[in-house]
Q: 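Attaching a single structure in structure tokens format; questions to follow.
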Protein chains: 2
Amino acid sequence: MKEPQASREMTRAEVIGLLRRHGITPTQQRVEIGRVLFARTQHVSAEDVLARVGDQGSPVSKATVYNTLGLFADKGLLREVVVDPTRRFYDTNLEPHHHIYYTDTGELQDIVIDGLRLGHVPQLPEDAEVEGVDVIIRARRQPNR
Amino acid sequence: MKEPQASREMTRAEVIGLLRRHGITPTQQRVEIGRVLFARTQHVSAEDVLARVGDQGSPVSKATVYNTLGLFADKGLLREVVVDPTRRFYDTNLEPHHHIYYTDTGELQDIVIDGLRLGHVPQLPEDAEVEGVDVIIRARRQPNR
DNA sequence: TTGGGTGCAAACTATTTGCATTCGA
DNA sequence: TCGAATGCAAATAGTTTGCACCCAA
């Protein structure tokens, strides 16, 4: 289930294969969005994607960008990161990892925390199923405010 | 700096004292909102607060609820919890703790994780200042979907 | 009294939805 | 061909803002 996190732009054919393997019909717009997304490991908002697909290649509507990001996240091609109540971020890095969020700059960084250990979690009901654990370190670059 | 987390409704006078100690001018509406909030440990959205101050006591406008929640959070009377991209939650529990978020029910629960240890975090720049660490366990009550 | 606080409505932002059109298989 | 996907605009939800009035100190 591990997908290549290419550091170069993927070809259209590669994106199409990637989408197919995840049960997603590869349409023009989705492939276009996929090329922008999977060119490298990154964190994007819908706004980012919208701006970049407008630049290079054919334009994609706002609604389609939103729908596509949601679809990709559902199908496991993206991980949604909830750090900012005002907008959604999506992470193309699917490896287990956590995040540093710089509250002053809005910058989001991946980190791997070696020593993270979740000890006993007694309050979890037996029938509950854990979907994931998010760890977010909130920091600021400038001291004070 | 530790404040009493009363399990009973605070009197108006107690709320006024609490606000004053945090440098907040105690106005009628703020005291009203404070009584709703600090009656017990809880997680609330602006909508929750709006509904409850409408029920008991004098009505408070939507704008004032939003402004007041933001102010209380700034002044350290509430902790903002970012778990849901669609709305902000505020936690009256100021003790260090983490959260379980049930994605299917929208329920938010406090937990204390004994064994949580953040190991080496090499990627943090030296000049960066950590504001806090959020740990959110995403779970669902119903198996599967 | 007087500057901060409030109420109301309007503005705003991010996201979602409805529906006619277009496109992939 | 035919149902799924798209584009557009309008709708929605949560939150913020502008401004005249009001009240806590």
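Letters A, B, ... mirror the listed sequences (proteins, then strands); counts begin at 1.
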Q: Roughly, in whole Å, what's the span from CD in B:E32 to C1' in C:dG7?
A: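 My rounded result for the distance is 15 Å.
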
Q: Identify the heavy atoms of B:H43 and B:L108 that sit nearest to each other, and give their distance.
A: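 Closest pair (atom of B:H43, atom of B:L108, distance): ND1-O, 3.2 Å.
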
Q: Taking the nucleotide of DNA chain D with the closest heavy atom to each, which residue, B:P26 or B:K62, is nearer the 5' end?
A: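 Nearer the 5' end of the strand: B:K62.
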
Q: Using a 4.0 Å heavy-atom cut-off across all strands, classify B:T86 as base, sugar-phosphate, or nothing.
A: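 If one applies the 4.0 Å heavy-atom cut-off, B:T86 turns out to touch the sugar-phosphate alone, with no base involved.
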
Q: In whole angstrom, give the distance that lies between atom CZ of A:R88 and atom P of C:dT13.
A: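 Value for this atom pair: 18 Å.
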
Q: Once rounded to the nearest 0.5 Å, what's the spacing between atom CG of A:L37 and atom OH of A:Y90?
A: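 Here the interatomic distance stands at 10.5 Å.
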
Q: Please determine whether a side-chain nitrogen or oxygen atom of A:S61 lies at a distance below 4.0 Å from atom OP1 or OP2 of D:dC8.
A: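 Looking at the OP1 and OP2 atoms of D:dC8, neither is under 4.0 Å from any side-chain N or O of A:S61.
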
Q: Nearest-Å distance, CG (B:L69) to P (D:dT15)?
A: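 To the nearest whole Å, that distance equals 9 Å.
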
Q: For C:dT16, take OP1 and OP2 only and decide whether either is under 4.0 Å from a side-chain N or O of A:Y66.
A: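 For C:dT16, neither OP1 nor OP2 has a side-chain N or O of A:Y66 closer than 4.0 Å.
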
Q: Expressed in angstrom and rounded to an integer, what is the separation of A:D48 atom CG from C:dA14 atom P?
A: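 Nearest whole value for this atom pair: 11 Å.
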
Q: Between B:V60 and A:E47, just flag the one whose closest nucleotide in DNA chain C comes earlier from the 5' side.
A: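 The residue closer to the strand's 5' end, by nearest nucleotide, is B:V60.
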
Q: Using a distance-only test with no angle check, is there a side-chain donor-acceptor pair under 3.5 angstrom linking B:T103 and A:E131?
A: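 Judged by distance alone, the side chains do pair up.
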
Q: Output the rounded distance in Å from CZ (B:R87) to P (C:dT15).
A: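 Computing the B:R87:CZ to C:dT15:P distance gives 16 Å.
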
Q: Tell me: CD1 of A:I33 to C1' of D:dG7, nearest whole Å?
A: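 Going from A:I33 (CD1) to D:dG7 (C1'), I get 12 Å.
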
Q: Output yes when at least one side-chain N/O atom of B:R30 is less than 4.0 Å from OP1 or OP2 of C:dG5, else no.
A: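 Yes.
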
Q: For D:dA25, does OP1 or OP2 lie under 4.0 Å from any side-chain N or O of B:R20?
A: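 Yes, because at least one side-chain N or O of B:R20 sits under 4.0 Å from OP1 or OP2 of D:dA25.
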
Q: Taking only side-chain N and O atoms of A:Q28, does any of them lie within less than 4.0 angstrom of OP1 or OP2 on C:dG24?
A: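 The answer is yes; a side-chain N or O of A:Q28 sits under 4.0 Å from OP1 or OP2.
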
Q: Nearest whole angstrom, please: distance from the C1' of D:dT15 to the OH of B:Y90.
A: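 These atoms are roughly 9 Å apart.
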
Q: Please give me the minimum heavy-atom distance between A:I111 and A:H99, naming the atom from each residue.
A: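 Minimum heavy-atom contact is CG1-N, 3.9 Å.
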
Q: From D:dA9, C:dT15, D:dA5, pick the nucleotide closest to the side chain of A:A63?
A: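 So the side chain of A:A63 is nearest to D:dA9.
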
Q: Looking at B:T64, does any N or O in its side chain come under 4.0 Å of the phosphate oxygens OP1/OP2 on C:dG5?
A: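 Checking B:T64 against C:dG5: no side-chain N or O falls below 4.0 Å of OP1 or OP2.
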
Q: Calculate the interatomic distance between B:D74 atom CG and D:dT16 atom P; express it in whole Å.
A: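 Distance, rounded to whole Å: 11 Å.
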
Q: Quick check on C:dA25: is either OP1 or OP2 less than 4.0 Å from any side-chain nitrogen or oxygen of A:T25?
A: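 Answer is no, no contact under 4.0 Å.
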
Q: Closer to the 5' end of DNA chain D via nearest nucleotide, is it A:I24 or B:F89?
A: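 It is A:I24 whose nearest nucleotide is closer to the 5' end.
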
Q: Do B:S45 and B:D48 have a side chain donor and acceptor closer than 3.5 Å?
A: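 Yes, side-chain donor-acceptor contact under 3.5 Å.
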
